[in-house]
Trainee: 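Before we start, here is the structure in question, set down as structure tokens.
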Number of protein chains: 2
Amino acid sequence: MKSMTSTSEKILDIAQSLIVAGGYNGFSYADISAAIGIRRASIHHHFPTKAELVSVLVDRYRRQAEAGLKSLGEQVSSPAEQLQSYLNYWQTCIRDASPPFCVCAMLAGETQMLPEEVASQVRAHFHSLASWLTSVLSAGAEQGLFRLNKRPEEEAQMLMASVHGAMLSARAFGDPGLFTKIVNPQITKLLSPDCLRTAQSR
Amino acid sequence: MKSMTSTSEKILDIAQSLIVAGGYNGFSYADISAAIGIRRASIHHHFPTKAELVSVLVDRYRRQAEAGLKSLGEQVSSPAEQLQSYLNYWQTCIRDASPPFCVCAMLAGETQMLPEEVASQVRAHFHSLASWLTSVLSAGAEQGLFRLNKRPEEEAQMLMASVHGAMLSARAFGDPGLFTKIVNPQITKLLSPDCLRTAQSR
DNA sequence: TGTGAGCTACCTACCAGTAGGAAGGTGCAC
DNA sequence: GTGCACCTTCCTACTGGTAGGTAGCTCACA
């Protein structure tokens, strides 16, 4: 356990930002090399192949995301606030000009030509995110906070699609604020009327 | 005016399917060459640079889409059915295993590293699609077919995001049918109650 | 005395793009 | 209708550059 961020993690950090910007084929070892100031061969020392690099990267991202969602469930009790906190994460990412885009959403579009090991991990992230949203939505529905028109799993899929589509639109229009404008109304629709009144009153 | 599909169009067709599969950096002139059986240099004769090839490609896609949406408005009168027909287009694409993905949605994720000429055209497609959806939604709202919670422009943005996000999810899960499962409820929510009853009765 | 991390130097394959020529068609002058 | 100029299309052959990946070394450090 090193105190400062290890080289491997620096590599992963850079690679992640590069993937978010241009996808799997949008970056090379040379790009990483230039960004952190070590030779290309040295990167191969840490990650023998590109497929392995990206595989480790997505695995790390996935664990970070899962840990984040889990701790979010422990700190915030209300399902409604949990949902809002999740969306706030992306909104602050956008505001800080840091990657306003999910690595897995980026890679999902390239599924067909991804190394199988990577593709399966992307799929796994989508699964865990969907099931987290499902559990939050169904918990909120039981507490009478949400009014769901469909089964929680379906509403979760719809919400997830909205989030990813909103990221895409924000990029296409070059307008980061568009993300919020698209996603916020989406969760407002889910809130049950009485919950809505209290939300509007603040 | 040639009767059979010209070589240029064959090139564009292949390139489009390759972009849909792997994005801007996910294909090369060599791939096209192998697919249609002419040499790489011959492709350069038709499209001197890759940026120009993709630019022409997106322009063609954009014109096709705009023409399709326009003729859709002339053949189908009801805004509700226009909307459904638009979604059916993607659903049949998915069923036929043909590109279940919008070229521009694919490229939108790569905006940051696209040649400017391409990026601006992707943006233009998003604009025209959003404004078409806006006009359909506001027309439907005036006729009492839709019950909109927000301004038509905002509802259009939300719907568009849902469509693109659903494409992403369908890919990530490797389940083409998921697209329909996500998108259909989204438009059902828009339908006003009385319109809903007639739709359910068939 | 290893072991991990970095290096130089190199490999093969592929990339986008260019130069220049062969084949075939079209239109025109005579 | 033969010859000629011109055009489009596609070709072979090549360029400079970059891709991912490997071999084998040095050096620090424990």
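Heavy-atom basis, side chains included; hydrogens, waters and symmetry copies ignored.
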Trainee: Distance check needed: dG6(C) P versus Ile43(A) CD1, whole Å only.
Mentor: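 Computing the Ile43(A):CD1 to dG6(C):P distance gives 10 Å.
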Trainee: Would you kindly give the CZ-to-P distance between Arg40(A) and dT8(C), to the nearest whole Å?
Mentor: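 Going from Arg40(A) (CZ) to dT8(C) (P), I get 11 Å.
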Trainee: Between His46(B) and dT8(D), does any side-chain N or O lie under 4.0 Å from OP1 or OP2?
Mentor: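 So the side-chain polar atoms of His46(B) never come under 4.0 Å of the phosphate oxygens OP1 or OP2 of dT8(D).
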Trainee: Under 4.0 Å, counting only non-hydrogen atoms across every strand here, what does Phe27(A) touch: a base, just sugar-phosphate, or nothing?
Mentor: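 Sugar-phosphate, backbone atoms only, no base.
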Trainee: At less than 4.0 Å, is any side-chain N or O atom of Thr7(B) found next to OP1 or OP2 of dT9(D)? Yes or no.
Mentor: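 No, outside the criterion.
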Trainee: Using whole Å, report how far NE2 of His44(A) lies from P of dG24(D).
Mentor: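 Result: 17 Å.
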Trainee: Rounded at 0.5 Å granularity, tell me how far NE2 in His45(B) sits from OG1 in Thr7(B).
Mentor: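 The NE2 atom of His45(B) sits 9.0 Å away from the OG1 atom of Thr7(B).
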Trainee: Mapping His45(A) and Asp31(B) to their closest nucleotides on DNA chain C, which lands nearer the 5' end?
Mentor: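 Nearest-nucleotide comparison on DNA chain C picks His45(A).
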Trainee: Under the 3.5 angstrom rule, does the side chain of Gln82(B) hit a backbone N or O of Leu72(B) as a donor-acceptor pair?
Mentor: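 A pair under 3.5 Å: no.
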Trainee: At under 4.0 Å between heavy atoms, what does Ser28(A) touch on the DNA or RNA strands: base, sugar-phosphate, or nothing?
Mentor: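 Touches sugar-phosphate only.
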Trainee: From the list dC10(D), dC15(C), dG21(D), which nucleotide is the closest neighbour of the side chain of Thr49(A)?
Mentor: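 Looking only at side-chain atoms, Thr49(A) lies closest to dG21(D).
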Trainee: Using a strict 4.0 Å threshold on nitrogen-to-oxygen distance, state whether Glu155(A) and Lys189(B) make a salt bridge.
Mentor: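 Lys189(B) and Glu155(A): salt-bridged.
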Trainee: Check Glu110(A) against Asn25(A) and note the closest heavy-atom contact, atom names and distance.
Mentor: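 Reported closest heavy-atom pair: OE2-N, 4.2 Å.
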Trainee: Send over the distance from Phe47(B) CZ to dC10(D) P, rounded to a whole Å.
Mentor: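 After rounding, the gap between these two atoms is 11 Å.
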Trainee: Quick one: is dT8(C) close enough that its OP1 or OP2 comes under 4.0 Å of any side-chain N or O from Arg39(A)?
Mentor: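 Yes, because at least one side-chain N or O of Arg39(A) sits under 4.0 Å from OP1 or OP2 of dT8(C).
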Trainee: Which whole-number value in Å describes the distance from Tyr29(A) OH to dT12(C) P?
Mentor: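 Those two atoms, OH and P, are 21 Å apart.
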Trainee: For Tyr29(A), is there any backbone N or O sitting under 3.5 Å from a side-chain donor or acceptor partner on Ser33(A)?
Mentor: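 No; judged by distance alone, with no hydrogens or angles, the pair does not exist.
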Trainee: May I ask you to verify if any side-chain N or O of Ser42(A) is less than 4.0 angstrom from the OP1 or OP2 atom of dC7(C)?
Mentor: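 Ser42(A) to dC7(C) OP1/OP2: side-chain N or O found under 4.0 Å.
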Trainee: Taking atom P of dC14(C) as reference, at what distance in whole Å does atom CG of Asn25(A) sit?
Mentor: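 Whole-Å distance recorded here is 14 Å.
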Trainee: What is the distance, rounded to the nearest whole Å, between atom NZ of Lys50(B) and atom C1' of dC15(C)?
Mentor: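 Lys50(B) atom NZ is separated from dC15(C) atom C1' by 9 Å.
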Trainee: I need the CG-C1' distance between Leu53(A) and dG21(D), as an integer number of Å.
Mentor: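 Rounded to the whole Å, the gap is 13 Å.
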